[in-house]
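First the structure, in the form of C-alpha cells, and then the observations on it.
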Protein chains: 2
Amino acid sequence: MLSHELFHTLHQLSRHLTNKLNEALKPLGLYSAQWAVIFVLKKSGSLTQKELCDYLFVEAPPMTRTIQRLVKQGYVRQVPGKDKREKHVQLTEEALKQYPEWESVVNEVNQGLLKEFPTSSQEELSKLQKGWLQQLL
Amino acid sequence: MLSHELFHTLHQLSRHLTNKLNEALKPLGLYSAQWAVIFVLKKSGSLTQKELCDYLFVEAPPMTRTIQRLVKQGYVRQVPGKDKREKHVQLTEEALKQYPEWESVVNEVNQGLLKEFPTSSQEELSKLQKGWLQQLL
DNA sequence: TAAAGATAGTTACCTGGGTAACTATATCGG
DNA sequence: CCGATATAGTTACCCAGGTAACTATCTTTA
C-alpha cells in the first residue's frame, strides 16, 4: 500500500510548512489564514467573500471568521455591494502600508524552506500536485 | 514567486484528501486522526503515547485527545508501563475485529483518489515529498 | 405580483493541531 | 540520600477548517 505513505507524507509536509509560516508571522501579529486572504486581496483589489472562498477553496464560515479578525485589526474593510447580500472585502491603507514588510518576511521563510530543494524538483513537484488536484476537482 | 503557488496547492491537496477520508470514515464513526493512530497500532502492536507522537509527528496534547476518544469508543486501551509515567496504548479485540472493514473502506477511498493519477506520477510525487520533508527536519 | 427557490453571509458547534503551564514520575549530581 | 533536572502525559486555550441551521436578500415562476 503506497497510498498510506503518500498521504501521510503530504499531510506532514503541509503541517510543517504551515507551522513555519505561522512562526514567522507571529511577530507581525498575523496568522497563515489571514496572510492568505491579504495576499489574494493585494493581487485582486476587491473581492466578495464568496469570491475569496472560491479562490482559496475554503468554506464560508472560516472565511467569515478570518475576515472579522482582519477587520478588527484594521487591515480590511467590508463594503456593502449593490447586491445587498454581498460584502466586498478590500485592504485598508494601513494594510497596504505594511504589506511590503509582510511580503518580505513571508518570502524569506519560503526561501528558507526551499533553500536546499532544487528548483527543478520544485517545478516537478508543483506540476504533479497541480495535475493531481485538478483531476480531483 | 513560484513558492506561493507551490505551498498553496500542497495545502489544498492535503485538505482535500483529509476531507475525503473523513467523509468515508463518517459511517464507521471514526475520524482521520483516529484512523492514523489505529493504523499505526495495527502495524506496531503496542506503543507509548510518546512513540505515537514521534511516529505521526504530532504534539502530545492532540494525541492525548485522540486517544481519549478512542478509549471512550472502546477501540483502544491504555496500559501503565513499568515506567509509571508512560501509558502503553494498544488496540482492543473490538478494534481488531472491525479493522478489516475499516481498512477496506480506507483502501477504497485511497484508490478512488488515486484512480486517474498514474502510478509513475505517484512514485515520483512520493519521492519528491519524502526528500523535501527529510531535508526540512 | 406573490410565493417558491437560490444565494451571501453568519452563528453554533465539531475535529485537528499548536503552545503554555501544570502534575507526576525518573534520573542524575553533589 | 536528596535536591535539581528531565521526561510523559494532561489541561486549558488558541487558530484552521468542516457541516448544519439560520437570516436576509435576490431571482424565478406560477
Side-chain angles (χ1 to χ4, degrees), chain A residues 7-8 10-37 47-73 76 78-89, chain B residues 7-8 10-37 47-73 76 78-89:
Chain A
F7 294 176
H8 182 57
L10 197 140
H11 187 57
Q12 281 184 203
L13 247 185
S14 173
R15 270 172 46 221
H16 187 79
L17 298 175
T18 303
N19 289 345
K20 286 295 181 190
L21 178 58
N22 272 318
E23 197 179 299
L25 288 175
K26 194 163 191 175
L28 307 177
L30 289 177
Y31 288 90
S32 57
Q34 294 178 300
W35 166 251
V37 168
L47 296 174
T48 65
Q49 300 191 191
K50 181 67 167 57
E51 288 167 329
L52 276 168
C53 289
D54 289 347
Y55 191 89
L56 294 172
F57 279 88
V58 160
E59 300 301 320
M63 183 54 73
T64 292
R65 211 182 32 205
T66 299
I67 289 173
Q68 284 173 350
R69 282 201 277 255
L70 283 169
V71 169
K72 194 175 291 177
Q73 286 174 277
V76 138
Q78 288 170 307
V79 179
K82 187 181 152 198
D83 181 336
K84 285 178 190 166
R85 292 170 305 180
E86 294 179 345
K87 297 184 176 179
H88 294 263
V89 180
Chain B
F7 295 176
H8 182 57
L10 198 140
H11 187 58
Q12 282 184 201
L13 248 186
S14 173
R15 271 171 47 220
H16 188 79
L17 297 175
T18 303
N19 289 346
K20 287 295 181 189
L21 178 58
N22 273 319
E23 197 179 300
L25 287 175
K26 194 162 192 176
L28 306 178
L30 289 177
Y31 288 91
S32 56
Q34 294 179 298
W35 167 250
V37 169
L47 296 173
T48 65
Q49 299 189 191
K50 181 67 166 58
E51 288 167 329
L52 276 168
C53 290
D54 290 345
Y55 191 89
L56 294 172
F57 278 87
V58 160
E59 299 302 320
M63 183 55 73
T64 293
R65 210 181 33 202
T66 299
I67 289 173
Q68 284 173 350
R69 283 202 275 257
L70 283 169
V71 169
K72 193 174 293 178
Q73 286 174 276
V76 138
Q78 288 170 307
V79 179
K82 187 181 150 199
D83 182 335
K84 286 178 189 167
R85 291 171 304 180
E86 294 179 345
K87 297 185 177 179
H88 294 262
V89 181

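Chain letters run A, B, ... following the sequence lines, proteins first and then strands; every chain starts at 1. Bear in mind the structure is a predicted one, so any value in this text is a computation, not a measurement.
Contact annotation: the side chain of S14(A) never approaches that of H11(A) to less than 4.5 Å [non-hydrogen atoms, C-beta and beyond]. Side-chain atoms of L25(B) and Y31(B), non-hydrogen and from C-beta on, never get closer than 4.5 Å to each other. V89(A) is not listed as a side-chain neighbour of E51(A), based on a closest heavy-atom distance of 4.5 Å or more.
If you check dA8(D), dT10(C), dA6(C) against the side chain of R85(A), the one that comes closest is dA6(C). Counting only heavy atoms from C-beta on, Y31(B) has its side chain closest to dT15(C) among dA16(D), dT15(C), dA26(C). Proximity note for P61(A) (side chain, C-beta onward) versus dG16(C), dA20(D), dA20(C): the nearest is dA20(D). Nearest nucleotide to the side chain of E86(A), out of dG9(C), dT25(D), dA12(D): dG9(C). Side chain of Q49(B), nearest nucleotide from dG9(D), dG18(D), dG9(C): dG9(D).
Residue whose closest nucleotide on DNA chain C sits further toward the 5' end, between E23(A) and T18(B): T18(B). Across the interface with DNA chain D, nearest-nucleotide mapping of K84(A) and V58(A) shows V58(A) to be the residue nearer the 5′ end.
Counting non-hydrogen atoms under 4.0 angstrom, H16(B) reaches nothing in the nucleic acid. If you check every strand for non-hydrogen atoms under 4.0 Å, A33(B) touches sugar and phosphate atoms only.
One interatomic measurement links the two molecules: CG of L17(A) to P of dA16(D), which rounds to 16 Å at whole-angstrom precision. Atom-to-atom, CD1 of I67(A) to P of dA16(D) comes out at 13 Å; the value is rounded to the nearest Å. At whole-Å resolution of the value, CG in N19(A) and C1' in dG17(C) are 8 Å apart. In this structure, K82(B) places its NZ atom 12 Å from C1' of dA26(C), rounding to the nearest Å. The separation between R69(A) atom CZ and dT10(C) atom C1' is 15 Å, rounded to whole Å. Rounded to whole angstrom, the span from the CD atom of E59(B) across to the P atom of dG17(C) amounts to 11 Å. L30(A) places its CG atom 13 Å from the P atom of dC15(D), with the value rounded to the nearest Å. The distance between atom CG of L52(A) and atom P of dT7(C), rounded to the nearest whole Å, is 19 Å.
Here the shortest heavy-atom pairing between A24(A) and P27(A) reads O-CD, 3.2 Å.
The phosphate of dT11(D) has OP1 or OP2 within less than 4.0 Å of a side-chain N or O from Q68(B). For Q34(A), no side-chain nitrogen or oxygen approaches OP1 or OP2 of dC15(D) to under 4.0 Å. Contact between the side-chain N/O atoms of T64(B) and the OP1/OP2 oxygens of dG9(D) is not found at any separation under 4.0 Å. Phosphate proximity of dG17(D) to H11(B): present, with a side-chain N or O under 4.0 Å from OP1 or OP2. Taking only side-chain nitrogens and oxygens, K87(B) comes nearer than 4.0 Å to OP1 or OP2 of dT10(D). Of the side-chain N and O atoms in Q78(A), one or more sit less than 4.0 angstrom from OP1 or OP2 of dT10(C).
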field: side chain to side chain contact (heavy atoms under 4.5 Å, CB included) evaluation trace for V37(B) with M63(B)
entry: CA-CA 9 Å; V37(B) 169; M63(B) 183 55 73; 3.8 Å; yes

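Interatomic distance, L30(B) CG to L21(B) CG, rounded to the nearest 0.5 Å: 9.5 Å.
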